[in-house]
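So that we are looking at the same thing, I have put the structure below in structure tokens.
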Amino acid sequence: MDPIEKLLEQIKAENQTPRPQSLEQVEAKPAAKAGPSPTANPPKLMYNLDSLLEKVQSEAKEPKVQPSLNVKPIEIEWESTSKGLGGHLDQLFGDVKQELEAQEQAEQLKREQERQEEAKKLERLKQKQREGLAKRAQEWLKKLDPYSDEGFWFGQFAEHYSSKLEAAIAYLEANPSEKKGEG
């Protein structure tokens, strides 16, 4: 047999012998032989190794329970904060928003009024131009010879209008050279 096999048989034999329950009992047990023997120390050493191995294995099998800490998360009361400083900020923000909306409405109203005034001015200007054109049309009609080629043509043209004056105004608007009295 080689030395490894001998060592294995020796370990098996030592494991089959009853062992004391604790390390203190092993140390308290008197030695069977006086004097150092090579086999006396290995059982004690093996017992220590075996007990350590068993202890590690049992600790590994046991579920590890971590101590639980009762840690409460910090709760910030937003409601009280918003009622305090935030409430004032909300109110200030609301006031500024209302003021801006009022300014915007005032500006829109002002722009609308300006557009209406501009439209009225434009309408008055057109009315004045039409009045001036109506005066020229009356003068043009007075000068128009109904028996001339132009008079004959204008008679046919005026049939589509409510009056000869309206037809003359339309003709003068379409014909800028006649509008200025250049004829």
Rounded to the nearest 0.5 Å, what's the gap from CD on Glu5 to CG on Asp2? Could you check?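 That separation rounds to 4.5 Å.
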
I'd like to know if Phe152 and Leu144 are part of one continuous hydrophobic network [Ile/Leu/Val/Met/Phe/Trp/Tyr, side-chain heavy atoms within less than 4.5 Å].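 Each belongs to a different hydrophobic cluster.
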
Is it true that atom CD of Gln103 has more than 12 heavy atoms of other residues, nucleotides or ligands lying nearer than 6.0 Å?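 It does: Gln103 CD has more than 12 such atoms within range.
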
Look at atom CG of Asp149 and say whether more than 12 heavy atoms of other residues, nucleotides or ligands are closer to it than 6.0 Å.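 Result for CG/Asp149: open.
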
side-chain contact (heavy atoms from CB on, under 4.5 Å) evaluation trace for Arg111 with Glu107: CA-CA 6 Å; Arg111 285 191 296 263; Glu107 287 176 11; 3.9 Å; yes

So, applying salt bridge (charged side-chain N to carboxylate O under 4.0 Å, His left out) with Arg115, which one of Glu112, Glu117, Glu118 is it?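 Running salt bridge (charged side-chain N to carboxylate O under 4.0 Å, His left out) over Glu112, Glu117, Glu118 with Arg115 returns exactly one hit, Glu112.
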
What closest approach, in Å, do Ile169 and Arg130 show between heavy atoms, and which atom pair accounts for it?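 Scanning both residues, the minimum pair turns out to be CG2-NH1, 3.3 Å.
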
Between Phe154 and Ala168, what is the shortest heavy-atom contact and its length?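 The answer is CZ-N, 3.5 Å.
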
Minimum heavy-atom distance between Tyr171 and Glu150, given as atom pair plus value: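 Between these two residues, the closest heavy atoms are OH-OE2, 3.6 Å.
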
Are there more than 12 heavy atoms of other residues, nucleotides or ligands under 6.0 Å from atom CZ of Phe157?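 More than 12 within 6.0 Å, yes.
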
Is Tyr161 linked to Leu133 within one hydrophobic cluster, defined over Ile, Leu, Val, Met, Phe, Trp and Tyr using a side-chain heavy-atom separation of less than 4.5 Å?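 Yes; Leu133 is reachable from Tyr161 via cluster members.
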
Do Gln10 and Lys6 come close enough that some side-chain heavy atom pair is under 4.5 Å?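 A side-chain contact under 4.5 Å is absent here.
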
Leu125, CG atom: more than 12 neighbouring heavy atoms under 6.0 Å: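 Count over threshold, so yes.
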
Once you round to the nearest 0.5 Å, how far does CD of Glu114 lie from CG of Leu109?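 One gets 10.0 Å once the value is rounded to the nearest 0.5 Å.
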
Which heavy atom of Ala134 sits nearest to which heavy atom of Leu165, and what is that distance?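 Closest heavy-atom pair between Ala134 and Leu165: O-CD1, 3.8 Å.
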
